[in-house]
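Notes for the one structure printed next.
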Amino acid sequence: MSTIEKVECLIIGSGPAGYTAAIYAARAGLKPLMYTGMQPGGQLTITTEVENYPGYPKGIQGPEMMEDFKAQAERFGTDIRFGYASKVDFTGPVHKVWVDETTEIHANTVVIATGASAKWLGLPSEERLNGFGVSACAVCDGFFFKQQDVAIVGAGDTAAEEATYLSKICKKVYMIVRRSEMRASKAMQDRVKNTPNIEILWDSETKEILGEKAVDGALITNLKTGEERKLDITGFFVAIGHTPNTLIFKDWITMDEQGYIETIPGTSKTNIKGVFAVGDAQDKVYRQAVTAAGSGCMGALDAERYLAEIGVH
Ligand code: NDP
């Protein structure tokens with residue numbers, strides 16, 4: 001049997017968006033309840049150094065930064081619990097969310113901050129060297145490979161954009177494309193093709209990322225000829241797409257075909273009154289900690305205004 005708990009504001013997810021929503025909601029007296037999800041702190045807990053978040057002039061480790069976010073949310077009284085939201089029912093004015101099959105939350109407002117997960121190739125070496133030369137975010141980690149040779153896998157807009165970004169920092173960028181064409185928009189493809197220090201490896205697959213403690217190479221197979229090539233690189237970027245963690249909402253919330261939640265432009269409002277979406281669950285373009293945090297603030301402010309409108313707070 002599940003217990004029922006009533007709250008004014010439920011926040012699902014604990015990345016920069018969720019914690020920022022919590023800080024604002026708690027300071028506004030909404031007594032927010034947060035469920036962290038299976039990866040408390042979100043994607044930043046699997047990165048190392050974060051140098052582009054304002055307010056940390058010397059940079060900070062991703063996990064440590066998320067501890068700071070959490071401490072700040074707790075300071076104002078957010079009830080933070082480890083737990084996974086597995087089902088929702090957004091039929092009525094009160095929104096129902098089930099957590100770990102044991103708890104049923106009835107919330108006047110819900111802030112969805114469930115984020116997105118990077119897709120990976122699935123190689124054991126990729127997992128072992130994650131954070132030690134392997135990264136899924138060129139904007140976050142490209143700087144650490146200044147004047148070095150790196151590779152990036154993928155052929156969509158993200159891969160093309162990140163290859164271009166890396167080409168300005170790194171000495172040489174190998175772009176590993178599995179087919180003989182790219183999915184990226186023509187303009188982005190042209191930019192990549194016209195950048196002298198980007199070499200595109202068509203019809204190519206990564207067999208292994210090399211290195212004991214840090215990346216020092218990669219083995220690439222040409223799928224047409226079977227030929228194998230060793231790249232001397234120190235950074236390996238994976239840009240093969242992200243999956244927004246929004247599956248449990250799909251019967252209720254309007255999303256695009258990839259599962260990113262659609263919000264009313266300039267707000268965090270979804271198609272369901274009282275349900276707001278923030279961070280990477282609704283942003284496939286910027287995907288930065290600072291933009292996620294900004295949208296988390298919007299979610300809390302929108303929730304607060306909605307509660308005032310319906311006379312709850
Ligand atoms: P996409 O899903 O568009 O592209 C993923 C790419 O990764 C594809 O080229 C795919 O290859 C390749 N890929 C997938 N799995 C593997 C694998 N196992 N091994 C090798 N390659 C693989 O993801 P994006 O992140 O690029 O873009 C997501 C969305 O966001 C798109 O709609 C995009 O247009 C949009 N976007 C827009 C931007 C902008 O407007 N500035 C910037 C960034 C993204 P294949 O083509 O063979 O399937």
Side-chain angles (χ1 to χ4, degrees), residues 43 46-47 52 114-130 134-142 150-168 173-195 198-210 215 218-229 231 233 235-247 254-263 265 277 279-292 295:
Q43 291 186 83
I46 55 162
T47 56
N52 55 7
T114 48
S117 306
K119 289 185 193 162
W120 298 97
L121 298 174
L123 298 169
S125 50
E126 172 189 56
E127 198 181 330
R128 186 169 51 79
L129 293 164
N130 198 331
V134 173
S135 164
C137 180
V139 178
C140 317
D141 298 326
V150 300
I152 183 163
V153 187
D157 280 326
T158 303
E161 204 166 85
E162 296 200 342
T164 310
Y165 178 84
L166 290 169
S167 73
K168 294 177 188 147
V173 180
Y174 297 97
M175 188 167 178
I176 305 163
V177 176
R178 67 177 172 183
R179 292 186 293 139
S180 45
E181 57 182 306
M182 282 191 208
R183 183 183 294 268
S185 61
K186 190 173 176 309
M188 286 305 300
Q189 286 193 39
D190 287 347
R191 199 172 304 164
V192 167
K193 288 173 186 166
N194 293 324
T195 304
I198 298 178
E199 181 181 336
I200 303 170
L201 308 178
W202 301 101
D203 303 301
S204 294
E205 188 178 66
T206 308
K207 190 173 170 200
E208 210 60 75
I209 304 164
L210 307 171
V215 172
L219 284 183
I220 309 299
T221 312
N222 185 302
L223 295 166
K224 281 208 168 138
T225 63
E227 194 187 317
E228 207 166 272
R229 176 171 174 186
L231 305 179
I233 50 162
F236 188 92
F237 291 86
V238 180
I240 61 172
H242 283 74
T243 310
N245 305 317
T246 56
L247 199 60
T254 308
M255 303 175 180
D256 70 9
E257 69 286 351
Q258 293 162 320
Y260 286 94
I261 294 175
E262 284 178 4
T263 50
D280 287 11
Q282 53 84 56
D283 170 20
K284 65 182 174 194
V285 177
Y286 299 105
R287 293 197 286 240
Q288 299 301 300
V290 67
T291 50
S295 80

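Order of listing sets the numbers, starting from 1, for every ligand and every atom in it.
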Completion exercise
for atom 33 (C) of ligand 1, nearest protein heavy atom and its distance come out as D157 OD2, 3.5 Å
Fill in the blank from the handout: heavy-atom search around atom 47 (O) of ligand 1 in the protein gives R179 NE, 2.7 Å
Exercise for the section: Kindly give the heavy-atom pair with the smallest separation between T221 and G226, and that separation in Å. Expected result: CG2-O, 4.0 Å
Completion exercise
Ranking K284, M188, R183 by closest non-hydrogen atom to atom 30 (O) of ligand 1, top hit is K284
Exercise for the section: Indicate whether the side chain of R287 and that of T158 have a donor and an acceptor atom separated by less than 3.5 Å. Expected result: yes
Practice task
Between A184, A116, A155, flag the one that comes closest to atom 9 (O) of ligand 1 by a heavy atom.
Solution key: A155
Exercise for the section: Using a distance threshold of 4.0 Å (strictly less than), state whether atom 2 (O) of ligand 1 has a protein heavy-atom neighbour. Expected result: no
Exercise for the section: Please check atom 40 (O) of ligand 1 for a protein heavy-atom neighbour under 4.0 Å. Expected result: no
Practice task
Please determine which of R183, R178, R179 meets the salt bridge (Lys or Arg N to Asp or Glu O under 4.0 Å) test together with E181.
Solution key: R179
Completion exercise
Heavy-atom nearest pair, A155 first then M175, reads CA-CE, 4.2 Å
Exercise for the section: Using non-hydrogen atoms of the residue, decide whether M182 is closer than 4.0 angstrom to ligand 1. Expected result: no
Problem - Nearest non-hydrogen partners of A136 and W120, listed with the distance - result: CB-CH2, 3.5 Å
Problem - Distance-only donor-acceptor check, side chains E208 and S125, under 3.5 Å - result: yes
Exercise for the section: Using a 4.5 Å cut-off on heavy atoms from C-beta on, say whether the side chain of K193 contacts that of I200. Expected result: yes
Practice task
Please work out whether any backbone atom (N, CA, C, O) or any side-chain heavy atom from C-beta onward of E161 is under 4.0 Å from ligand 1, and answer side chain, backbone, both or neither.
Solution key: side chain
Exercise for the section: Distance to 0.1 Å, residue and atom name: give those for the protein heavy atom nearest to atom 19 (N) of ligand 1. Expected result: L121 CD2, 3.5 Å
Practice task
Check each of G156, G241, G122, A187 against atom 23 (O) of ligand 1 and report the one with the nearest heavy atom.
Solution key: G241
Handout entry: Nearest protein heavy atom with distance in Å, relative to atom 5 (C) of ligand 1
Key = I240 O, 3.6 Å
Practice task
Can you pull out the closest protein heavy atom to atom 31 (C) of ligand 1? Residue, atom name and distance to 0.1 Å, please.
Solution key: Q258 NE2, 4.0 Å
Practice task
Between H242 and ligand 1, find which residue part has any heavy-atom pair under 4.0 Å and reply side chain, backbone, both or neither.
Solution key: neither
Problem - ligand 1-proximal atoms of T206, by part, heavy-atom distance under 4.0 Å - result: neither
Exercise for the section: Specify the closest pair of heavy atoms between L166 and V150, including all atoms of both residues, with the distance to one decimal. Expected result: CD1-CG2, 4.2 Å
Exercise for the section: Please verify whether a non-hydrogen atom of V285 lies at under 4.0 Å from ligand 1. Expected result: no
Handout entry: Separation between CD of E162 and SG of C140, rounded to the nearest 0.5 Å
Key = 8.0 Å
Fill in the blank from the handout: Closest heavy-atom approach to atom 27 (O) of ligand 1 among I176, V153, T158 is made by T158
Handout entry: More than 12 heavy atoms from other groups under 6.0 Å of NZ on K284
Key = yes
Practice task
Starting from atom 10 (C) of ligand 1, locate the nearest protein heavy atom and write down its residue, its atom name and how far away it is, to 0.1 Å.
Solution key: R178 NH2, 3.9 Å
Handout entry: N/O donor-acceptor pair under 3.5 Å between D203 side chain and S180 backbone
Key = yes
